[in-house]
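Chain A is the first sequence line, chain B the second, and so forth, proteins listed ahead of strands; every chain is numbered from 1.
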There are 4 protein chains.
Amino acid sequence: MEKTKQDDILNAATLVFAKKGVNDAKLYQIAEEANVAVGLIYSYFEKPVKLDILLSIFIDFWKNFNALVEEKISMLEDPKSKLIAILDILSDLLIKDELAIYRAKVIGESIPYVIIKKSEKMKEKRNIITSENRRLLAIIDEIIKTGQEKGLFYDDLKPSIIRQFLYGAVELSIYGLFLKVSRDEPIGYEEADIKEGTHKLFERFLCKA
Amino acid sequence: MEKTKQDDILNAATLVFAKKGVNDAKLYQIAEEANVAVGLIYSYFEKPVKLDILLSIFIDFWKNFNALVEEKISMLEDPKSKLIAILDILSDLLIKDELAIYRAKVIGESIPYVIIKKSEKMKEKRNIITSENRRLLAIIDEIIKTGQEKGLFYDDLKPSIIRQFLYGAVELSIYGLFLKVSRDEPIGYEEADIKEGTHKLFERFLCKA
Amino acid sequence: MEKTKQDDILNAATLVFAKKGVNDAKLYQIAEEANVAVGLIYSYFEKPVKLDILLSIFIDFWKNFNALVEEKISMLEDPKSKLIAILDILSDLLIKDELAIYRAKVIGESIPYVIIKKSEKMKEKRNIITSENRRLLAIIDEIIKTGQEKGLFYDDLKPSIIRQFLYGAVELSIYGLFLKVSRDEPIGYEEADIKEGTHKLFERFLCKA
Amino acid sequence: MEKTKQDDILNAATLVFAKKGVNDAKLYQIAEEANVAVGLIYSYFEKPVKLDILLSIFIDFWKNFNALVEEKISMLEDPKSKLIAILDILSDLLIKDELAIYRAKVIGESIPYVIIKKSEKMKEKRNIITSENRRLLAIIDEIIKTGQEKGLFYDDLKPSIIRQFLYGAVELSIYGLFLKVSRDEPIGYEEADIKEGTHKLFERFLCKA
DNA sequence: TATGAATGAGAGTTCATTCAT
DNA sequence: GATGAATGAACTCTCATTCAT
């Protein structure tokens, strides 16, 4: 569990990506932040390295997330607990420290970018991300569907849009947190409010009384 | 109400921004899409023109949105109707045609970028955006607060996080729509589902029974 | 002797060339100064118009100068009077008003540029300038040579370098005048000093006691 | 005293500037002449690089010149010897080899340009040039004044215009040399004539018998 | 004539990538 | 492995030139 140069680079990139935006982040800034020479980055990542780093950040996050989700879910029975568990894992992962909040910002900001790039490059990594992502969405949609069939959840909305609402709500509220942490902007709420809000959103919006 | 070259350029840019991402959109692509020469863009926008165009798209949208909101709101009394009205105006503006959906994608994707760029350039336009934006948030937060005080809305969450949840939910669901329209991805819901879902989100998450 | 648009353009160009430098002078600045549309310039000058205008300024000056010189010289006998006459004509032409000083600056600054450009374009105008110029130099060198042969002038220096010294001295002193007129720089002398200095330079440097 | 890439670039630029004129000199031509990639120039000079290179050529020359002048002058007593020494240093510096002649052409041609550009950019370098220049002029004017007071020099002309004449004469005669070296134009005199002429100009124009 | 919106070739600049050390 | 000077493709921007009105 030694901290490697590769980790240094990934963490440095996460920071710089978050602060400057992925596209305005320059390789030399990442190298400087990681205390390595620019050229060394090419020993650990494929060309184009910025994209590879970004995808690596995604993969690390999703693999980790999915693993935790699947482990937890398999131990739970009813849809309500499962969904709550997922929301909690998400909050925990994205808020646990400052780097996590930066990572959340990068991931949130880059989803459109990762989806949009058609290039054949890094096909394998893209496939991993896509499949990890689909796997999670499928799990969530399935839980919602089951909850609806069991009469626990309102069934007048499609699982897909419920899931999209939930994810959007969490993502944007975490983005506000990023503004607070990195730019000292007053946003009017704190980490704890997100978790509490998420639970209430789930209870009221989804669960029948 | 004649269609000007400036409009051509703005619409072309919206399209290209949406399809390629703002940063990967090249000026010559915008010019080609607008059927004008690259150089002409510099007659209508300030340097750097891509940024100016992006800010112009923002301003057009927010000014239009805020004007509609204020007009509608002044005619309504109770917080519930006001909030529903705002959500409807938002959906209508962002979904009314394909270009609107592209615009929604561009705006959603670029908010972090517009916020993050500190540069002194285009300070005036940035200020317009910031103030238009703050005005809307203040209006919404005020409505929520009033609703809470009148006992119509749950008052166990801060207005700021409620508003963030609502906005995030709408934004991400519209982003899904963009994927459907521009990339033929199956997302599992349609325009109508967003509006319906928004209303139900509002009713259940916010309004006391 | 009506003032034509062509003259307006030439005078405007002289002014802008002098103030900004020929290369930094933009066509639209000249057009604005001349109160004409940019496109109109193409009715009066050949492409590339900036070069044509510059050459026209040269030709106007040299033709005028040479005509005056030849007229005056033919009426004089001894080399001393002839050379003095030329120096006076030069001073009078270059200092007679503010525009003349600007013209002097433009011509002085552009000689290397006009000489250096190899392009085949405007061959005719270049030839005019070159031949007018050579004609003048030949006249001067001839006068100096005659003066040397008659024992009036020192004959220990070649006519060519004497002429070069004289021209350089006059040119740079007039350039100082331009700085004074257009930029309010204190240069320590005035128009009258140039004429007086020129005469003394001639008397002492060239003429035997 | 190793020859660096920076020197390569400066020398290449001097050559290209002289042959094409500063404004028609393209960066890729300089890079090619220096045998480096265009981008490398940006490692050694500030933007805009062509201006920075030009100013650097100026500074190198003036600092070198002034240092030699001050060293030499402090060892001499009478105004005549001092002025002769300065003229000789100038000739030696500007004529010592082909590159020096090119440098002389570039400097002579660019003085108006360097003076005229008001831009705030490179303020420091401009200040260096201005102050080095003023220092030299002050030294020369002071020597002339002393010579006049001691009754060695004619005192019927202002030191400022005498200095301007001397400088103009030297500059234009060296420009002729550039035409000879770089374009094979017959100018009618040679390097040695300049030095000889300069001395005689000084003796006759300035010194009382 | 006279205009100025529109054009597009060509310039300066950026920065991911390479590779000798 | 580690470095960072050197590379050059590709971008944004400029402005002389054109041409429909």
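Distance NZ (C:K50) to P (F:dC15): 9 Å, rounded to an integer number of Å. Rounded to an integer number of Å, the gap from CZ of B:F45 to C1' of F:dC13 is 16 Å. At whole-Å resolution of the value, CG in C:L51 and P in F:dC15 are 18 Å apart. One interatomic measurement links the two molecules: CD1 of B:I41 to C1' of F:dT14, which rounds to 14 Å at whole-angstrom precision.
The closest side-chain heavy-atom distance from D:D8 to D:E33 is not below 4.5 Å. Using a 4.5 Å cut-off on side-chain heavy atoms (C-beta onward), A:M122 and A:P48 make contact.
Heavy-atom distances to DNA chain E give each of A:K47 and D:V38 a nearest nucleotide, and the one nearer the 5′ end belongs to D:V38. Positionally, the nearest nucleotide of DNA chain F for A:G39 lies more toward the 5' end than for the other of A:G39 and D:V36.
A heavy-atom distance below 4.0 Å to DNA chain F is reached by these residues of residues 20-29 of chain C, ordered by number: C:K26, C:L27.
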Margin query: Wobble G-U and Watson-Crick pairs count when both distances are under 3.5 Å; given that, what is the 5' to 3' dot-bracket string of DNA chain F, with | for pairing to other strands?
Written below: .||||||||||||||||||||
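Taking a cutoff of 4.0 Å between a charged side-chain nitrogen and a carboxylate oxygen, D:K47 and D:D52 do not qualify as a salt bridge.
Not a single donor-acceptor pair under 3.5 Å links the side chain of B:R126 to the backbone N or O of B:I115. C:E132 contributes no side-chain N or O that, together with a main-chain N or O of C:I129, makes up a donor-acceptor pair within less than 3.5 Å. Judged by distance alone, with hydrogens and angles left aside, the side-chain atoms of B:R103 form no donor-acceptor pair with the main-chain N or O of B:N11 at under 3.5 Å. Side-chain atoms of B:S110 do not come within 3.5 Å of backbone N or O of B:Y113 as any donor-acceptor pair. A donor-acceptor pair under 3.5 Å is absent between the side-chain atoms of A:E109 and the main chain of A:V106, judged by distance alone.
Checking A:F17, A:F61, A:F178 one by one against A:Y102, the ring-ring contact (aromatic ring centres under 6.0 Å, His included) holds for a single residue, A:F178.
Nucleotides of DNA chain E with any atom under 4.0 Å from a heavy atom of chain B span, from 5' to 3', E:dA6 to E:dG8.
Across all strands, C:Y44 comes closer than 4.0 Å only to sugar-phosphate atoms, never to a base (heavy-atom distances).
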